[in-house]
Amino acid sequence: MVVLAASIISKSGKALASRQYVDMSRIRIEGLLAAFPKLVGTGKQHTYVETENVPEYSPSLDEEGVCKAAFQLIFAFDEAISLGNKENVTVPQIKQYCEMESHEEKLHKLIMQSKINDTNDLMRRKVTEIEKNKIDRGKTGEGFAPTRTPNNFNDMNIRGGPGSEINPIFTDKTRGRSSAPSPAPIKMPGAMKLSKAHKPNQFLESLKAEGEVILEDTQLSTIQSRSSSSILPSDPITVTIEEKLNVTVKRDGGVNNFDVQGTLALQVLNDTDGYIQLQIENQDAPGLSFRTHPNIDKQLFNGQKIVGARDPTRPFPSGQNETPLVKWRIEGLNESSLPLTVSCWPSTSGNTTVVNIEYEASDMFDLHNVIVSIPLPALRDAPSVKQIDGEWRYDSRNSVLEWSVMLIDQSNRSGSMEFSVPAADPSTFFPISVGFSASNTFSNVKVTAILPLQGGSSKYSQQVRLVTVNYQVV
């Protein structure tokens, strides 16, 4: 079969989309289209099919729907017909070719989505902190103005990515200065405005407009995100210890990258409680190296594992923001140290590919909210899941099968899933992305005591978590 031009014509005879494969002028094409109905006369056989199931790329069969999908239809023509000759391809193959997806693009999208999720988690926590602060001020009938810090101190970025505020690690409070506000300089009506409190809500509305699913403030207290707990600490001092995993595992075994980065951050609610030191301990893990903030006494930390200021007369900053004090990194870990390993076994028989996936978890960690995302070929229908330990969801928009397990502990250290799809190349099911969290870390860093320097509080709470930033099987 040789085709001169492929066209879509409306019922009124108007050409909506056309793709020509030989050198013809527009007038010539329009003339051929106008003469086409006259070629079908009496005594000649012709067949036409009119059904709503034919358009694969057009949202509707009317003129408006075809015009909106004109480029997608033209690209589909190019995959079905090459230089006027018919190509031996199926509809799923055309759809896959037109999407022009690559493993590198999927990896980039997953990394960007992870950053967006981290930013959203930080934003939700900030909103909850602001609401909690408003409730506390309403109970006590008091408020406070923002602390002003001179520019002659070193600044440090607060964790949270782009758009984070900048806060110095030490304030200008002196040893003899009281933290209680004096009556004269307080101007509560101007210290905080409602418009400032509504800025995070405006951010929420913009996210909703972009299609992001955002929970209302009243629901935030019941949700625990990957990177932060939604329950705000009631203690005057809060220590947050977090390790982030960046892991790339080969599909046939072996590790390309295994990186663990940790942070110890401090949050002090009241100014008077900032005069403290932190006694910490950690597991003596191979490849573990620490790095402290420049304003931390390094000799005190290296000798006694105490996190304290080089100048004890200056307190740690107070407020709702966390201040990172110590960072660390663990290198040289091998495959035996992985918290979770995922194996994928696709096999093709005839027109069907059966995929068996299994996971094995280490005894070191109990994993929460485990999600294994498997990329699939372009499908018309959802995959057929025959057996699964846990739950599954098919993301038709991104053609991804998500396997979720709420908790992996001693009762289910291993699990499996089996599903089938139309025949596909085995590399289609990679890279597999894995996400989870845990309540303990590789370094086992923890604060054992708070040491007050000027009669401050020694009561504190501690949050420890292990989260995944990028965890893939390629």
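This structure is a prediction, so every number in the text was calculated from the model and none was measured. Computed from heavy atoms alone, side chains included, the values below leave out hydrogens, waters and symmetry copies. Residue numbers count from 1 along this sequence.
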Where L379 and S399 come nearest, the two heavy atoms and their spacing: N-OG, 4.5 Å
Write down the atom of N412, the atom of L407, and the distance for their closest heavy-atom approach. ND2-O, 2.9 Å
Test side-chain hydrogen bond (donor to acceptor under 3.5 Å, both in side chains) on N282 and K446 and set out the steps. CA-CA 6 Å; N282 64 275; K446 59 183 177 181; over 6 Å; no
side-chain hydrogen bond (donor to acceptor under 3.5 Å, both in side chains) for Q267 and T323? Distances and angles first, verdict last. CA-CA 6 Å; Q267 180 184 8; T323 305; over 6 Å; no
Is a donor on one side and an acceptor on the other found under 3.5 Å between the side chain of D235 and the backbone of I237? no
Smallest separation among heavy atoms of R329 and D259, with atom names: NE-OD1, 2.8 Å
Any donor-acceptor N/O pair, N117 side chain to Q113 backbone, under 3.5 Å: yes
Side chain N256, main chain K250, donor-acceptor under 3.5 Å: no
Using modelled atom types and a 3.5 Å cut-off, is there a donor and acceptor pairing between side-chain atoms of D297 and backbone atoms of Q299? yes
Is it true that Y394 and F419 have ring centroids separated by less than 6.0 Å? no
Could you tell me how the ring of W328 sits relative to the ring of F290: parallel (under 30°), tilted (30 to 60°) or perpendicular (over 60°)? tilted
Applying the side-chain contact (heavy atoms from CB on, under 4.5 Å) test to I296, which of V326, L278, V307, I306 qualifies? V307
Is the distance between the ring centroids of Y275 and F316 under 6.0 Å? no
The single option from T468, V467, I371 that satisfies side-chain contact (heavy atoms from CB on, under 4.5 Å) with F436 is T468
Return yes if some donor-acceptor pair links the side-chain N/O of E335 with the main-chain N/O of G254 below 3.5 Å, else return no. yes
With no hydrogens and no angle check, is any side-chain donor or acceptor of T441 less than 3.5 Å from a backbone partner on N444? yes
Are the side chains of S437 and H368 in touch, meaning some heavy atoms are under 4.5 Å apart? yes
Do the side chain of T352 and the main chain of P422 share a donor and acceptor less than 3.5 angstrom apart? no
Would a distance-only check, ignoring hydrogens and angles, find a side-chain to backbone donor-acceptor pair under 3.5 Å from T448 to Q279? yes
Below 6.0 angstrom between ring centroids: does that apply to W403 and Y359? yes
N/O donor-acceptor pair under 3.5 Å between S414 side chain and E360 backbone: no
